[in-house]
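First comes the structure, then the notes that go with it.
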Amino acid sequence: MKLGWTYIEDIGQHVGRTVTVKGWLYAKRSSGKIHFLQLRDGTGVIQGVMARNDVDETTFELGGSLTQESSVEVTGPVREDSRAPSGYELTVTGLKVVQLAKDYPITPKEHGPAFLMEHRHLWLRSSKQHAILRVRDTIEQAIHGYLHSQGFIHTPAPILTPTACEGTTTLFQTDYFGEPAFLSQSGQMYIEATAAAFGKVYTFTPAFRAEKSKTRRHLTELWMMDAEASYFTHEENMQCQEEMVCAVVGKVLAECQTELKTLERDTAMLEKIRAPFHRISYKQAVELCNKAGVPIEYGEDFGAPHDTAIAGSFDRPVFVDRFPTTIKSFYMQPDPRDPSVVLGSDLYATEGYGEIIGGSERIHDLDLLLRKMEEHQVPYEPYKWYVDLRRYGSVPHAGFGIGIERTVSWICGLQHIREAIPFARMLEKIYP
RNA sequence: UCCAGCGUAGCUCAAUGGUAGAGCCCCCGGCUGUUAACCGGGUUGUUGUAGGUUCGAGCCCUACCGCUGGAGCCA
């Protein structure tokens, strides 16, 4: 597409030529007879230098009157300049004010998280937030790219659902033409159906959890990528996950160095990430926790301190698998060597960022599934379609779901998950 | 839901139970290489709300509201 102006990220191709940049004034410094205008356009930041001798009086005063975040169109020749962080500067010869902003709330000084979240619609313009969401975009592209390279097809799962996918978690309820409906908390069961149609599939879907969780790792609306593959075993499922995570980390390291630098992310841990990841059983993980001084009984699920103890023992992500049947979902395939545990795994990220992926081989035997549903008191009628998948050409299959915001938090090194999504929905918080 | 901490100017924060303060923002002036620019001057308050103790409460007590972090649960 041919546009009548130039994006800052392309400015290096225009040295010596006069260009127009359309964007916003990020910051301004002035020295009486020279204005330094920090311009941003979403693709980058460049300094525009307006000297009194280079422009007429009206333009110079207009430059001096500019306020933070005013929208502007700036024209001038591009120069290489060793003093500029990006290596380039714009000598401003023309200035058009699109809109003069008044009293922009986010000043160049410190602000608390409550104030910033209240102004999230504006905070997104700040360099750190901008960098995070660019990394997020790269992560999502890497996931799509890896899966397509492996022959996976994107088959979106629905968001409005008639029933709970996993009965345990609290769901948001809504009204569907007079009938109750629920916002989906996972697309997994639906893509088990599309996997039987296409072989290898995935869905990029928001997931909703109406839990009263209030921590730096929880959102009520989050994005998940669920993948499902017919005939995949538990081991092949884990291979797929680790290859995908390596592809994601690799793409971010290759394409987002500027953003990672803005975020002051120490990339040393990320550079170490290579397949294969460590694999330990739930039983080994319990022993590890107890040795590390974080007591836990066999049969209990891991809490935050256990996550930290487990992940902290390894310098790359670690799979924990073969959890006791009792603490996992009804559809997970029991281990044929020990039916008291399931062929399911959680993948823990490094540096204490916790679980980012959960996956398992699914039960494909009709009678076994029906028995497990009964044990877990899962009603038959709403899941009749799901049981049908075991009735008509059932095959062994496996899949996993990755939490996008937790992955973004981990790769960006964030303190809080709320910065990993443009508009975070958290416990009792829905503005803006 | 439970536990802990915090609510003072638009923002970030000070203030032994004894006159309500600073920096930033904003406005005015100065400065041709600034990098959260700098220098001089100026405006800014029902101290979250309602009670209570006290000669006197921003400070102590009670309740409520809000915010932040954590727990449980999970990705």
Side-chain angles (χ1 to χ4, degrees), chain A residues 26-38 45-55 60 63-65 67-69 79 81-86 89 91 101-119 122-123 126-128 165-166 168-170 185-188 205-226 241 300-308 327-329 346-349 353-359 400-410 415-418 420-421 426-429:
Chain A
Y26 192 65
K28 182 186 75 181
R29 287 178 283 275
S30 180
S31 266
K33 295 196 174 59
I34 186 166
H35 301 311
F36 297 99
L37 310 175
Q38 312 302 322
V45 177
I46 192 168
Q47 175 160 272
V49 183
M50 182 191 277
R52 178 161 256 166
N53 294 341
D54 297 342
V55 293
F60 190 77
S65 73
T67 50
Q68 192 187 357
E69 285 302 321
R79 283 184 290 108
D81 195 312
S82 55
R83 289 169 292 191
S86 69
E89 275 191 352
T91 302
K102 192 163 161 39
D103 297 332
Y104 187 70
I106 303 178
T107 61
K109 289 282 175 177
E110 321 143 13
H111 299 284
F115 178 84
L116 289 169
M117 284 306 285
E118 192 76 8
H119 296 84
L122 303 175
W123 190 24
S126 304
S127 60
K128 190 177 165 191
C165 275
E166 301 172 40
T168 52
T169 321
T170 322
Q185 52 181 324
S186 165
Q188 180 222 312
T205 326
F208 302 89
R209 310 277 165 95
E211 284 165 354
K212 302 265 183 189
S213 297
K214 198 186 165 176
T215 79
R216 70 176 76 182
R217 291 197 298 275
H218 286 85
L219 295 168
T220 55
E221 178 180 316
L222 56 116
W223 281 79
M224 298 251 298
M225 193 291 296
D226 284 285
Q241 293 168 45
E300 288 177 344
D301 212 344
F302 301 123
H306 307 110
D307 286 13
T308 311
I327 56 171
K328 287 292 176 181
S329 301
D346 286 348
L347 181 68
Y348 292 91
Y353 279 90
E355 185 188 343
I356 55 169
I357 298 183
F400 63 92
I402 180 168
I404 302 301
E405 288 78 17
R406 284 200 180 169
T407 305
V408 173
S409 294
W410 167 52
Q415 293 298 307
H416 200 298
I417 197 165
R418 65 186 157 211
I421 184 168
M426 292 177 299
L427 185 59
E428 286 163 10
K429 255 196 213 329

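Letters A, B, ... are given to chains in the order of the sequence lines, protein chains preceding strands, and every chain is numbered from 1. Computed from a predicted structure; not experimentally measured.
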Rounding to a whole Å, what distance do you find between [X]:[atom1] and [N]:[atom2]?
X: Q47(A); N: rU32(B); atom1: CD; atom2: C1'; result: 13 Å
X: F115(A); N: rC13(B); atom1: CZ; atom2: P; result: 12 Å
X: L427(A); N: rG69(B); atom1: CG; atom2: C1'; result: 13 Å
X: K28(A); N: rG33(B); atom1: NZ; atom2: C1'; result: 16 Å

Categorize [X] for me: base, sugar-phosphate, or nothing, with a 4.0 angstrom heavy-atom threshold over every strand shown.
X: S30(A); value: base
X: Q68(A); value: nothing
X: T107(A); value: sugar-phosphate
X: D346(A); value: nothing
X: G112(A); value: sugar-phosphate
X: I356(A); value: sugar-phosphate
X: H218(A); value: base
X: A304(A); value: sugar-phosphate
X: L219(A); value: base
X: K429(A); value: sugar-phosphate
X: I404(A); value: nothing

Subject >> Side-chain donor/acceptor of E89(A) to base of rG33(B), under 3.5 Å >> reply: yes

Indicate whether OP1 or OP2 belonging to [N] is found under 4.0 Å from a side-chain N or O atom of [X].
X: H416(A); N: rG69(B); value: yes
X: K214(A); N: rU1(B); value: no
X: R29(A); N: rU32(B); value: no

Original post:
Is there side-chain contact between R217(A) and R406(A), with at least one heavy-atom pair below 4.5 Å?
Top reply: yes

Original post:
Are K429(A) and M117(A) side-chain neighbours, meaning at least one heavy-atom pair lies under 4.5 Å?
Top reply: no

Original post:
Paired with rA63(B) by Watson-Crick or G-U wobble geometry, both distances under 3.5 Å: which nucleotide is it?
Top reply: rU49(B)

Subject >> Pairing partner (Watson-Crick or G-U wobble, both distances under 3.5 angstrom) of rG72(B) >> reply: none

**OP:** Specify the residue among P85(A) and E405(A) whose closest nucleotide of RNA chain B lies further upstream toward the 5′ end.
**Re:** P85(A)

Subject >> RNA chain B: 5'-proximal contact among R79(A) and D307(A) (nearest heavy atom) >> reply: R79(A)

Subject >> Given rC73(B), rU34(B), rG69(B), the nucleotide with the shortest approach to the side chain of R418(A) >> reply: rG69(B)

**OP:** Look at the side chain of N53(A) and decide which nucleotide, out of rC73(B), rC67(B), rU32(B), has an atom nearest to it.
**Re:** rU32(B)

Subject >> Separation of the C1' atoms in rA50(B) and rA57(B), to the nearest angstrom >> reply: 15 Å

**OP:** To the nearest 0.5 Å, tell me how far H306(A) NE2 sits from E300(A) CD.
**Re:** 7.0 Å

